[in-house]
There are 2 protein chains.
Amino acid sequence: MAAKESLKQKAYHAIKEKIITCEYAPDAMLNEEALREELHVSRTPIRDALSRLEQEGLISILPKKGVVVSGLSIHDINLIFEVRLLYEPYALLHYGSNMKDEVIYKYFDAFSTPVQNFSKDEYFSLDDTFHVNIVETIQNPYLLKTYDWIHNQNLRFRVMTGQLVDYRLEKTTEEHLKIVTACLKHDWELAAKEMEAHLLASKNATFDLVLRNKNTENQKEK
Amino acid sequence: MAAKESLKQKAYHAIKEKIITCEYAPDAMLNEEALREELHVSRTPIRDALSRLEQEGLISILPKKGVVVSGLSIHDINLIFEVRLLYEPYALLHYGSNMKDEVIYKYFDAFSTPVQNFSKDEYFSLDDTFHVNIVETIQNPYLLKTYDWIHNQNLRFRVMTGQLVDYRLEKTTEEHLKIVTACLKHDWELAAKEMEAHLLASKNATFDLVLRNKNTENQKEK
DNA sequence: CCTGTTTTTGTTGTATACAACAGTCTATTT
DNA sequence: AAATAGACTGTTGTATACAACAAAAACAGG
């Protein structure tokens with residue numbers, strides 16, 4: 001499968017992966033030459049990949065200066081959650097009925113299990129696929145593309161902050177369970193409402209985490 | 001200003017313009033060589049531009065085969081208006097208060113004038129900037145980027161169909177006036193509701209136009 | 001020591017040559 | 001005449017050389 005990928009696709013996925021995992025940290029400078037050596041391809045596929053990543057907002061290309069990985073600021077949290085708050089309740093309200101009951105049951109079971117039964121990675125990916133599954137019911141490629149971008153940005157925030165702490169796992173599970181329960185009843189208005197509440201709580205928690213993170217960074221500098 | 005544009009930006013804007021005006025028609029095949037000669041630049045800026053246009057959904061690049069301008073189907077109308085129906089009422093509801101009263105007055109005056117006083121181009125651009133102004137109050141770059149895409153697609157539909165007919169101009173003006181009146185009262189809920197009604201009507205009209213267009217095409221073939 | 005200028009270095013922008021591949025057409029064989 | 005193999009054509013993918021520019025560094029003059 002990966003063998004049939006063109007070099008520009010390989011370069012795109014490789015660089016994107018490293019940005020999302022923060023191996024290339026926010027505000028870090030990249031340059032084509034270094035990437036070229038790292039990936040063992042010529043500049044052309046690298047440039048294709050960078051141009052695409054710039055479109056997606058993960059990097060900025062500064063002509064004649066270099067490439068910089070997009071920073072993550074408090075303001076970005078607002079932007080990300082504005083999109084999520086707009087899309088995710090909308091998906092439940094209008095397309096919730098497209099979800100298969102078996103899928104809903106799967107999540108009901110998962111969120112009924114004590115969080116201790118999951119490794120941190122498992123729990124993150126469970127959380128992730130839950131929200132993605134809901135949004136993907138929309139099927140509109142324009143909306144899904146936007147969601148994919150902010151999803152990537154959200155992952156970067158997680159790597160930067162949440163990786164460390166197992167903060168709010170119980171609360172998150174409770175809120176997810178409320179959403180799933182509403183879905184089981186096919187009460188999509190309630191599900192959308194619960195989703196909104198969950199996202200608002202999650203947004204505040206992200207704010208807290210980022211601020212706390214900033215503080216510890218400042219302490220390190222002293 | 002245009003002098004400082006890089007060649008890849010010039011190529012991007014030039015090709016995009018020609019796609020939107022349907023000089024490069026939907027489903028038409030392009031190729032880098034022809035574009036290269038037409039714009040008098042080398043393949044590199046062309047490729048940059050094409051890659052970006054592909055991201056925006058205006059073209060598809062088929063490896064080793066060619067470049068095809070994205071088609072416009074009935075289904076695309078649904079996709080476009082789904083985004084508009086989600087964003088435009090949202091903008092009024094949450095950010096209407098960001099609009100300056102003088103701007104609202106400007107549109108009030110414009111939509112109070114008989115449509116006969118405008119040329120068709122003037123009226124189209126008035127309609128356009130009205131909706132764009134409303135959506136731009138959102139300020140969220142993720143949402144604005146998505147809107148820009150569907151806006152371009154919408155323009156293509158207009159060129160294909162509406163260019164010919166002055167259909168629904170009075171109705172459109174009436175509906176716009178209702179929206180603007182609600183804005184003047186700072187009743188954003190009402191404004192959002194009127195916008196929703198306007199978009200639904202506009203969507204149906206677009207369907208009609210496209211279907212009518214299809215029929216006349218079929219007649220021509222006979 | 002400071003300041004203004006020149007040179008150098010590093011970066012992306014652009015042009016172009018070649019490779020790889022898909023599809024078509026032709027010639028050859030049966 | 002039909003079928004098949006093979007060359008041919010046209011397309012994008014990839015590599016690389018050179019140009020243009022901006023910023024930093026070195027240097028000379030005061």
Side-chain angles (χ1 to χ4, degrees), chain A residues 1-19 23-71 141 145, chain B residues 1-19 23-71 141 145:
Chain A
M1 143 204 174
K4 290 193 75 177
E5 253 189 344
S6 66
L7 290 183
K8 74 175 180 185
Q9 286 169 319
K10 264 198 282 194
Y12 166 74
H13 289 300
I15 299 172
K16 181 174 167 184
E17 179 74 16
K18 293 190 180 184
I19 291 175
E23 183 175 331
Y24 298 149
D27 297 309
M29 293 294 291
L30 303 179
N31 72 63
E32 294 177 357
E33 177 65 13
L35 294 168
R36 197 187 67 68
E37 286 185 7
E38 194 164 338
L39 300 175
H40 301 100
V41 296
S42 79
R43 280 185 63 206
T44 309
I46 299 282
R47 281 176 55 76
D48 281 340
L50 291 180
S51 144
R52 189 165 162 197
L53 290 167
E54 186 186 30
Q55 287 302 306
E56 298 180 9
L58 288 176
I59 62 172
S60 298
I61 298 177
L62 311 173
K64 320 284 183 187
K65 289 183 65 178
V67 177
V68 57
V69 179
S70 297
K145 204 163 207 171
Chain B
M1 145 202 176
K4 290 194 76 179
E5 255 190 344
S6 66
L7 291 182
K8 75 175 178 184
Q9 286 170 319
K10 264 199 284 197
Y12 166 74
H13 289 300
I15 300 172
K16 181 174 165 183
E17 179 74 17
K18 292 190 179 181
I19 292 175
E23 183 174 333
Y24 298 149
D27 297 309
M29 292 294 290
L30 304 179
N31 71 64
E32 295 177 357
E33 177 65 12
L35 294 168
R36 196 187 68 69
E37 286 184 7
E38 194 164 342
L39 300 174
H40 301 100
V41 294
S42 79
R43 279 185 64 205
T44 309
I46 299 282
R47 282 176 55 75
D48 281 340
L50 291 179
S51 146
R52 189 166 161 193
L53 290 167
E54 186 186 30
Q55 287 303 306
E56 298 179 9
L58 288 175
I59 62 171
S60 298
I61 300 177
L62 311 173
K64 320 282 181 186
K65 290 184 66 179
V67 178
V68 57
V69 180
S70 298
K145 203 165 209 166

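Throughout, protein chains are lettered first and strands after them, A, B, ... in sequence-line order, and every chain is numbered starting at 1. Any value given below was found using the heavy atoms of this structure, including those in side chains, with hydrogens, waters and symmetry copies removed.
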| task | Mind listing the closest non-hydrogen atom pair of B:G71 and B:P26 along with its distance? | result | CA-CB, 4.0 Å

| request: Mind running side-chain contact (heavy atoms from CB on, under 4.5 Å) on B:L35 and B:Y24 for me, showing each step along the way? | output: CA-CA 11 Å; B:L35 294 168; B:Y24 298 149; 3.5 Å; yes

| said: Please report the distance, rounded to the nearest Å, between CD in B:Q9 and P in C:dT14. | reply: 8 Å

| Which comes earlier along DNA chain D counting from the 5' end, the contact point of A:P63 or that of A:D48, where each point is its nearest nucleotide? | A:D48

| message | Please report the distance, rounded to the nearest Å, between CG in B:L7 and P in D:dC21. | response | 11 Å

| request: Give a yes/no on whether any side-chain N or O of A:K8 is located under 4.0 angstrom from OP1 or OP2 of D:dG13. | output: yes

| remark: Heavy atoms of A:G57 and A:S70 approach each other most closely as O-OG, 2.8 Å

| task | Could you tell me the separation between the CD atom of A:E33 and the P atom of C:dT9, rounded to a whole number of Å? | result | 16 Å

| request: Could you check A:P45 against B:N31 and say which one's nearest nucleotide on DNA chain D is further toward the 5' end? | output: B:N31

| note | Checking C:dA15, C:dT12, D:dA15 against the side chain of A:I61 (C-beta onward), the nearest is C:dT12

| note | Across all chains, not counting sequence neighbours, the salt bridge (Lys or Arg N to Asp or Glu O under 4.0 Å) partners of A:E54 are none

| request: Using modelled atom types only, decide if a donor and an acceptor are shared between the side chain of B:K16 and the backbone of B:L58 within a distance under 3.5 Å. | output: no

| task | Measure from CG on A:L62 to P on C:dT12 and round the result to the nearest Å. | result | 9 Å

| query | How close do A:M29 and A:K65 get, heavy atom to heavy atom, and via which atoms? | reply | CE-O, 4.2 Å

Give each protein N/O atom lying under 3.5 Å from an N/O atom of nucleotides 16-20 of chain D, with the pair distance.
none

| said: Distance check needed: D:dT14 P versus B:E32 CD, whole Å only. | reply: 12 Å

| Taking atom P of C:dT11 as reference, at what distance in whole Å does atom CE of A:M29 sit? | 8 Å

| Whole-Å distance between D:dG10 P and B:L30 CG? | 18 Å

| query | Where the side chain of B:K65 is concerned, which of D:dT12, C:dT12, C:dG23 is the nearest nucleotide? | reply | C:dG23

Please list, one pair per line, the donor and acceptor atoms closer than 3.5 Å that link side chains of residues 39-46 of chain A to other protein atoms, with sequence neighbours excluded.
| from | atom 1 | to | atom 2 | distance (Å) |
| --- | --- | --- | --- | --- |
| A:S42 | OG | A:T44 | N | 3.4 |
| A:R43 | NE | A:E32 | OE1 | 2.6 |
| A:R43 | NH2 | A:E32 | OE1 | 2.7 |

